[in-house]
> 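Shown below is the structure under consideration.
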Protein chains: 2
Amino acid sequence: MILDQRREEILQLIEQHGFVSLQELVTRLGASESTVRRDLEFLDGIGQIRRTRGGAAYTGESLTPFEERRVRETTEKEKIGKAVAELIQPGETILLDGGTTTLEVARSLVGKRLQVVTNSLPIANLLAQQASIELILIGGYLYPRTGVALGPLAEASLAELNVPRVIMSAGGITEKGLFNSNSLLVECERRMIKAAEEVWVVADSSKFGRSALTFLCELSSVTRMIVDSGLSDSWREIVLKAGVELTVIDV
Amino acid sequence: MILDQRREEILQLIEQHGFVSLQELVTRLGASESTVRRDLEFLDGIGQIRRTRGGAAYTGESLTPFEERRVRETTEKEKIGKAVAELIQPGETILLDGGTTTLEVARSLVGKRLQVVTNSLPIANLLAQQASIELILIGGYLYPRTGVALGPLAEASLAELNVPRVIMSAGGITEKGLFNSNSLLVECERRMIKAAEEVWVVADSSKFGRSALTFLCELSSVTRMIVDSGLSDSWREIVLKAGVELTVIDV
DNA sequence: CGGATTTCAATCAAAATCCGTCAAAATCAT
DNA sequence: ATGATTTTGACGGATTTTGATTGAAATCCG
């Protein structure tokens with residue numbers, strides 16, 4: 001089996017089940033233990049999973065990450081979220097992608113008068129209570145762990161929409177463009193880009209230089225990026241050269 | 001079993017019940033006493049639970065206050081929910097309408113292997129975490145009070161679906177048929193009926209004889225009704241005469 | 001109070017898992 | 001085709017986790 005293909009399969013298995021044992025991966029994939037170990041090591045390295053003794057757990061963009069209950073430190077994301085919220089005018093309509101950073105954006109939108117479209121269950125939960133926000137939910141197959149609606153139903157719904165702005169997250173960003181872990185998700189995000197006139201990407205600086213398994217789009221497709229100040233000068237240059245408006249948030 | 005998985009499971013059990021004895025954890029998890037002790041020690045260390053003699057209690061942030069959880073009596077709705085869940089076979093696909101009674105049904109579905117389609121945010125929240133349940137969300141304009149997705153988007157999504165069974169709630173039931181309060185909701189529920197081969201209605205007996213603003217459908221459109229035993233004989237007769245299969249639950 | 005019972009903590013050997021190394025196999029570039 | 005590079009699978013020692021045992025501590029009950 002091809003390397004990337006196998007890794008994608010591993011990632012999907014882990015995403016779907018939350019935990020998968022090494023032994024199960026070995027038997028499911030028909031690869032040797034060593035190989036699976038190396039794959040897990042790699043996926044752990046790019047931050048998509050967390051290795052645990054006996055197997056691996058999902059951490060990517062998770063709804064309730066076990067690990068993160070220990071220490072809640074998300075200041076960068078929080079600040080990015082606040083900054084993005086300030087860029088949005090009352091009365092606007094925005095399309096909000098799933099993800100932990102976009103969730104922080106949603107948190108900061110509380111109280112504003114807006115129309116929000118989203119396929120993320122956690123975001124919907126957060127904003128559903130808000131009388132000032134009109135919320136439109138994109139339906140679909142609810143992907144476990146991350147709680148985003150994907151698949152044909154989601155894609156069909158998005159095809160009918162037209163919004164001035166989408167705010168997206170990314171699993172990884174390189175000079176080639178944006179990446180995400182899961183092909184279903186990427187397909188859905190492509191539709192979001194199509195449905196929107198402007199594409200904003202929120203990301204903490206750790207995402208830069210980190211690839212993920214599936215290519216989403218080129219940097220030039222992005223209108224604006226909002227990143228924390230941990231971003232190196234060389235990355236800033238790359239982003240600006242691609243014609244992306246860059247907003248750097250001090251943390 | 002993988003270490004973290006087991007610890008997560010322990011945490012969930014304790015979170016769910018408030019307190020769980022060590023012995024119960026041992027039997028439920030099939031791990032040795034020593035192992036469970038070590039896990040409790042760890043979870044206590046990170047502040048998620050508090051060890052007590054003979055078991056452990058939950059201390060983490062709770063969704064519902066502790067008192068509420070203990071005192072909550074088993075209502076009619078809960079019993080109806082349990083009964084309905086028992087009528088459903090593993091592997092089935094069901095469409096679940098929003099509503100407090102259907103939410104109780106969803107609660108009782110936890111742990112079963114099913115495919116569930118719903119437009120209700122509370123139900124989606126409940127089932128999203130369940131690995132055994134494949135969840136499909138119907139999108140749409142999210143109606144603030146009840147948290148159900150309605151409107152054109154929801155209707156279009158439903159038009160493309162075909163499920164063997166829908167489980168619906170009703171605001172009111174008279175000999176004329178079913179009623180609900182809100183015309184957007186009713187329009188959506190009509191699509192649900194169209195999308196399903198069998199229509200099951202769950203209702204507590206207080207709903208009978210009570211009308212509501214908008215007419216939904218005639219009694220004869222319903223395949224089966226599940227009601228608590230508070231239902232009078234005359235109502236039973238009316239329901240049966242309309243060709244509805246009636247299941248009465250003792251409370 | 002004092003003995004019986006339960007629960008706890010510490011210890012230890014066995015089992016499972018991990019890591020590094022290495023050679024075989026596959027893939028790539030020339 | 002050939003040599004270089006990457007990927008794979010296997011092996012052995014190191015490490016971690018597990019379950020059983022045992023004596024101490026806490027709790028219960030008469």
Side-chain angles (χ1 to χ4, degrees), chain A residues 1-60 65-71 172 174 176 179 181 183 209-215, chain B residues 1-60:
Chain A
M1 188 189 292
I2 309 294
L3 184 140
D4 277 343
Q5 196 178 343
R6 190 184 58 237
R7 288 184 178 168
E8 169 129 20
E9 202 161 320
I10 290 176
L11 191 53
Q12 288 203 0
L13 280 168
I14 295 173
E15 269 183 338
Q16 275 173 23
H17 297 90
F19 291 96
V20 181
S21 78
L22 187 122
Q23 278 313 314
E24 184 163 15
L25 287 173
V26 167
T27 54
R28 284 223 196 195
L29 299 168
S32 80
E33 200 178 292
S34 299
T35 301
V36 177
R37 274 186 205 291
R38 273 185 285 254
D39 289 338
L40 293 184
E41 197 172 7
F42 169 78
L43 289 169
D44 189 309
I46 65 170
Q48 290 295 319
I49 63 164
R50 182 171 51 87
R51 290 189 67 185
T52 67
R53 200 172 183 82
Y58 187 66
T59 62
F66 186 56
E67 189 80 20
E68 267 157 46
R69 283 202 220 183
R70 304 180 193 187
V71 252
T174 75
K176 292 211 165 72
F179 291 79
S181 55
S183 46
R210 181 192 284 180
S211 173
L213 292 175
T214 315
F215 176 74
Chain B
M1 188 189 292
I2 297 170
L3 183 141
D4 272 352
Q5 189 175 0
R6 191 185 57 236
R7 288 182 178 168
E8 176 82 305
E9 204 161 315
I10 290 175
L11 194 52
Q12 277 189 13
L13 281 167
I14 295 174
E15 186 169 351
Q16 217 166 353
H17 297 93
F19 175 88
V20 182
S21 78
L22 187 125
Q23 277 313 314
E24 184 164 14
L25 288 173
V26 167
T27 54
R28 283 224 197 194
L29 299 167
S32 78
E33 198 180 297
S34 301
T35 302
V36 176
R37 273 186 204 291
R38 274 185 285 250
D39 288 339
L40 293 182
E41 194 177 348
F42 170 79
L43 289 169
D44 188 85
I46 65 171
Q48 286 296 318
I49 63 166
R50 186 175 4 226
R51 291 189 67 184
T52 64
R53 185 150 259 271
Y58 189 66
T59 61

> Within the structure, does a side-chain N or O atom of A:T35 lie under 4.0 Å from either OP1 or OP2 of D:dG9?
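Looking at the OP1 and OP2 atoms of D:dG9, one of them is under 4.0 Å from a side-chain N or O of A:T35.
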
> A:E24 CD to C:dA16 C1': how many Å, rounded?
17 Å

> How many angstroms lie between CZ in A:F179 and OG1 in A:T174, if you round to the nearest 0.5 Å?
4.0 Å

> Please give, in whole Å, the distance from C:dC8 C1' to B:L25 CG?
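Interatomic distance, CG of B:L25 to C1' of C:dC8: 15 Å.
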
> Rounded to whole Å, how long is the line connecting atom CZ of A:R38 with atom C1' of C:dT21?
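About 11 Å, once rounded to whole Å.
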
> Look for any protein N or O under 3.5 Å of an N or O in nucleotides 18-20 of chain C and output each such pair with its distance, or none.
unit_1 : atom_1 : unit_2 : atom_2 : d
C:dC18 : OP1    : A:T52  : O      : 3.2
C:dC18 : OP1    : A:G54  : N      : 2.5
C:dC18 : OP2    : A:R37  : NH1    : 2.5
C:dC18 : OP2    : A:R37  : NH2    : 3.2
C:dC18 : O5'    : A:R37  : NH1    : 3.0
C:dC19 : OP2    : A:R51  : NH1    : 3.1
C:dC19 : OP2    : A:R51  : NH2    : 3.2

> Applying salt bridge (charged side-chain N to carboxylate O under 4.0 Å, His left out) to A:R37 and A:E33, what does each step give before you reach the verdict?
CA-CA 6 Å; A:R37 274 186 205 291; A:E33 200 178 292; 2.8 Å; yes

> To the nearest Å, give me how far apart CD1 (B:I2) and C1' (C:dA15) are.
16 Å

> With a distance cut-off below 6.0 Å to the six-membered ring centre and an angular limit of 45° from the axis, does A:R50 pair with A:Y58 as a cation-pi contact?
no

> Whole angstroms only, please: what is the CD-C1' distance between A:Q5 and C:dT27?
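It works out to 16 Å between those atoms.
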
> Which heavy atom of A:A56 sits nearest to which heavy atom of A:I49, and what is that distance?
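Where A:A56 meets A:I49 most closely, the heavy atoms are CB-CD1, 3.7 Å.
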
> Roughly how many Å is it from CG in A:D39 to C1' in D:dT7, rounded to a whole number?
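The distance from CG of A:D39 to C1' of D:dT7 comes to 10 Å, rounded to the nearest Å.
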
> Considering all heavy atoms of both residues, which atom of A:A31 and which atom of A:V26 are nearest to each other, and what is their separation?
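It is O-CG1, 3.3 Å.
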
> Would you mind pulling out the nucleotide paired to C:dA4, Watson-Crick or G-U wobble, both distances under 3.5 Å?
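With both distances under 3.5 Å, C:dA4 matches D:dT27.
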
> How many Å lie between CG on B:L3 and P on D:dT15, as a whole number?
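Atom-to-atom, B:L3 to D:dT15, this comes out as 19 Å.
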
> Does B:R6 make a side-chain N or O approach to OP1 or OP2 of D:dT17 shorter than 4.0 Å?
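Answer is no, no contact under 4.0 Å.
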
> Which heavy-atom pair separates A:D44 from A:R51 by the least distance, and what is that distance?
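Closest pair (atom of A:D44, atom of A:R51, distance): OD2-N, 2.8 Å.
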
